Structure formats: C-alpha cells, structure tokens
Participant: 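Structure provided below as structure tokens; questions to follow.
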Amino acid sequence: MKVPYAKKWQNETGNLRKIVLDCDLVEELKWGKPCFTYQKKNVAIIIPLKDACALAFFKGALLKDPKHILQKIGEAQAGRWIKFTSPKEISALQPTLRSYIYEAIEVEESGKKVPLKKASEYVVPEELQVRLNAAPELKGGVRSPNAGTEEVVHLSCLGREAGEDAGSAGGEVCANDLKRPGVQRAHRLSPVPRGICGKPKSLV
C-alpha cells in the first residue's frame, strides 16, 4: 500500500520508530504505516503528512498532556497527534515522548475508554440541515466539513480503532478502502537499535 509523503519523512519516521520501539511496544504495519501495539491493542501510529510527520495516539484524549503538545485530529474524538518537521525537534522532545508513550500504555492496560458523542449529539449547521431536508438521499454520505482531505484516512484509522463511530472519525469516506484485502494485514517491520530510551520512574 503506497503511503503519500512517506519518503519525504523517512528520517523523522526512523527516529520516532526507535523511540517507540525502545518503550517495549510491538511494531506492525497497518494502513501502510508503522503502528505500535500493546497486547494486540493499538497504542500509537506514525503518520507522514504533507507538511509534517506525526506521532498519533489512538486514545490521546485520555493522556494528561502536561506539555500541551497534543493536537486534536480534525473531528476525531479519541485520537491526538504530535507533529514534527525535523529530526532535531524529535530529539528535543525525546524524554517527553517517552513519558507520553508509557502513559498511553498505562491507559491501555487500565482498559479505559474515551467517552464518545453519538452521531445524534452533533449540532448540524442550519444551512446544511436545510439542504439535507431538501435532498434526503444525501444523509449518511456527508463528510465532516472540518476534516481536511489529507486527514480523512488517518481519522478513520484512529477513530475505528479507538471505538469511535464512523461519522465522528471520517470513517464513512474510506470504509471501502479499509475493507480492501490486505489493507489491515499486519507485518513485523525491520528491527531498529535499542537503547534510545529507558522507562521513566514516574510519569509527569
């Protein structure tokens, strides 16, 4: 599966992989991207974007985020990501990333779920509602107007794995993509050197 911008961010992806793998997560290839799991549950994923390389947490909304570096991903309720544009930025945040990764593992161990809004709880803009009422066949096929086209696939991956409904995660747009044979097939990636980080004594 060809991933746009993957080559552009090879160095950043490699550096992030080293940090995450040294924190004892298992690496698999999902949606064409390096995905990191704990006891077969998705914890984080590296996503190459047009303008940055992101480390995204499937249940990022549950992390404390003391450094205020997690960004919401479009309309996704559970997923949060941190964007990088150079290896230097990753290196500077290495201790913080390590702390966030271990906290994400603790969240997964605890079995906590992100409280999610139901589709019926979302407020539909008046103008859009008028148009939907005039054309009922459009209902169920409308993408969130706030989700950028580049983010749609990433939102569906994070949203579905975190238990979000398709509407809130943009999943209705690429549901067919995710059903294609081999898209969700996991493969172990090549190993990377250990020793980049050690488990912190406590989480901030």
Side-chain angles (χ1 to χ4, degrees), residues 1-38 42-61 63-74 76 78-105 107-108 147-159 161-162 169-170 174 177 183-200 203-204:
M1 180 180 182
K2 186 176 181 180
V3 179
Y5 311 112
K7 188 174 182 179
K8 178 179 180 180
W9 302 106
Q10 277 184 326
N11 291 337
E12 289 76 9
T13 296
N15 288 358
L16 287 171
R17 285 182 64 212
K18 291 175 184 178
I19 293 172
V20 181
L21 284 175
D22 205 58
C23 294
D24 300 322
L25 288 176
V26 175
E27 183 178 38
E28 299 176 354
L29 187 66
K30 296 187 178 183
W31 306 285
K33 304 172 183 68
C35 183
F36 305 91
T37 64
Y38 175 77
N42 292 337
V43 173
I45 189 169
I46 297 174
I47 303 173
L49 304 167
K50 181 178 180 180
D51 60 350
C53 182
L55 175 64
F57 295 92
F58 286 86
K59 294 183 180 179
L63 301 184
K64 296 174 183 177
D65 191 22
K67 300 294 185 180
H68 306 291
I69 56 176
L70 291 176
Q71 301 175 29
K72 191 172 181 180
I73 309 172
R80 297 290 186 273
W81 62 18
I82 307 169
K83 293 182 179 180
F84 301 95
T85 57
S86 71
K88 186 177 180 180
E89 290 178 355
I90 296 172
S91 179
L93 274 179
Q94 190 174 135
T96 300
L97 291 178
R98 188 165 63 237
S99 177
Y100 279 42
I101 292 165
Y102 279 115
E103 185 183 358
I105 294 173
V107 166
E108 199 56 58
T149 54
E150 184 186 42
E151 296 175 343
V152 172
V153 172
H154 310 319
L155 294 182
S156 69
C157 298
L158 289 167
E161 292 302 312
C174 53
D177 289 337
V183 171
Q184 297 192 44
R185 186 172 63 243
H187 298 278
R188 184 67 63 87
L189 297 183
S190 58
V192 296
R194 296 279 176 165
I196 300 300
C197 64
K199 185 170 183 177
L203 297 174
V204 178

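All residue numbers in this chain count up from 1 along the given sequence. Keep in mind that this is a model prediction, so the values were computed, not measured.
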Participant: Does Lys33 use its side chain to pair, donor to acceptor, with the backbone of Trp31 at less than 3.5 Å?
Facilitator: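 Checked: pair present.
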
Participant: How long is the span from the CZ atom in Arg80 to the CD1 atom in Ile73, to the nearest 0.5 Å?
Facilitator: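 Rounded to the nearest 0.5 Å, the CZ-CD1 separation comes out at 7.5 Å.
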
Participant: Working note: Lys83 + Cys53, criterion side chain to side chain contact (heavy atoms under 4.5 Å, CB included); need CA distance, chi angles, decisive distance, verdict.
Facilitator: CA-CA 6 Å; Lys83 293 182 179 180; Cys53 182; over 6 Å; no

Participant: Any side-chain heavy-atom pair from Ile82 and Gln71 closer than 4.5 angstrom?
Facilitator: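 Ile82 does not reach Gln71 side chain to side chain.
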
Participant: Answer yes or no: is there a side-chain heavy-atom contact under 4.5 Å between Leu29 and Cys35?
Facilitator: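 No. Closest side-chain heavy atoms not under 4.5 Å.
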
Participant: Examine distances only and state if a side-chain atom of Trp9 and a backbone atom of Leu49 form a donor-acceptor pair shorter than 3.5 Å.
Facilitator: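 Present.
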
Participant: Do any N or O atoms from the side chain of Lys59 and from the backbone of Glu108 form a donor-acceptor pair under 3.5 angstrom?
Facilitator: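 Flag not set: sc Lys59 to bb Glu108 has no pair under 3.5 Å.
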
Participant: Return the CD to CG distance between Gln94 and Leu16, rounded to the nearest 0.5 Å.
Facilitator: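 Taking CD in Gln94 and CG in Leu16, the distance rounds to 10.0 Å.
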
Participant: Taking the side chain as C-beta and beyond, is there a heavy-atom pair between Ile47 and Trp81 under 4.5 Å?
Facilitator: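 Ile47 vs Trp81: side chains touch.
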
Participant: Quick one: pull up CD1 in Ile90 and CG in Leu55 and give me the separation to the nearest 0.5 Å.
Facilitator: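 It comes to 8.5 Å.
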
Participant: Could I get the full list of side-chain contact (heavy atoms from CB on, under 4.5 Å) partners for Ala6, not counting sequence neighbours?
Facilitator: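 Partners of Ala6 by the side-chain contact (heavy atoms from CB on, under 4.5 Å) criterion, ordered by chain and then number, come out as Val3, Pro48.
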
Participant: Not counting sequence neighbours, which residues clear side-chain hydrogen bond (donor to acceptor under 3.5 Å, both in side chains) with Glu89? List them please.
Facilitator: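 Listed in chain order: Thr85.
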
Participant: Run Tyr100 and Asp65 through side-chain hydrogen bond (donor to acceptor under 3.5 Å, both in side chains) and show every step you take.
Facilitator: CA-CA 8 Å; Tyr100 279 42; Asp65 191 22; 2.6 Å; yes

Participant: Supply the atom-to-atom distance Leu63 CG to Tyr102 OH, rounded to the nearest 0.5 angstrom.
Facilitator: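 Separation between the atoms: 15.0 Å.
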
Participant: How many angstroms lie between NZ in Lys64 and OG in Ser99, if you round to the nearest 0.5 Å?
Facilitator: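 Nearest 0.5 Å value for the NZ-OG distance: 9.0 Å.
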
Participant: Would you mind reporting whether Thr37 and Val43 have side-chain heavy atoms less than 4.5 Å apart?
Facilitator: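 Counting from C-beta outward, Val43 and Thr37 never come under 4.5 Å.
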
Participant: Distance alone, cut at 3.5 Å: any donor-acceptor contact between the side chains of Tyr5 and Asp51?
Facilitator: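 Asp51 and Tyr5 do not have a side-chain donor-acceptor pair below 3.5 Å.
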
Participant: Salt bridge (charged side-chain N to carboxylate O under 4.0 Å, His left out), that's the test. Do Glu27 and Arg17 meet it? Break it down for me.
Facilitator: CA-CA 9 Å; Glu27 183 178 38; Arg17 285 182 64 212; 2.6 Å; yes

Participant: Not counting sequence neighbours, which residues clear side-chain contact (heavy atoms from CB on, under 4.5 Å) with Pro87? List them please.
Facilitator: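 Residues passing side-chain contact (heavy atoms from CB on, under 4.5 Å) with Pro87: Asn11, Glu12, Asn15.
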
Participant: Rounded at 0.5 Å granularity, tell me how far CD1 in Ile19 sits from CG in Leu93.
Facilitator: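 Between Ile19 CD1 and Leu93 CG, I get 9.0 Å after rounding to 0.5 Å.
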
Participant: Measuring only between side-chain heavy atoms, which start at C-beta, is Phe36 closer than 4.5 Å to Ile45?
Facilitator: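 They are not in side-chain contact.
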
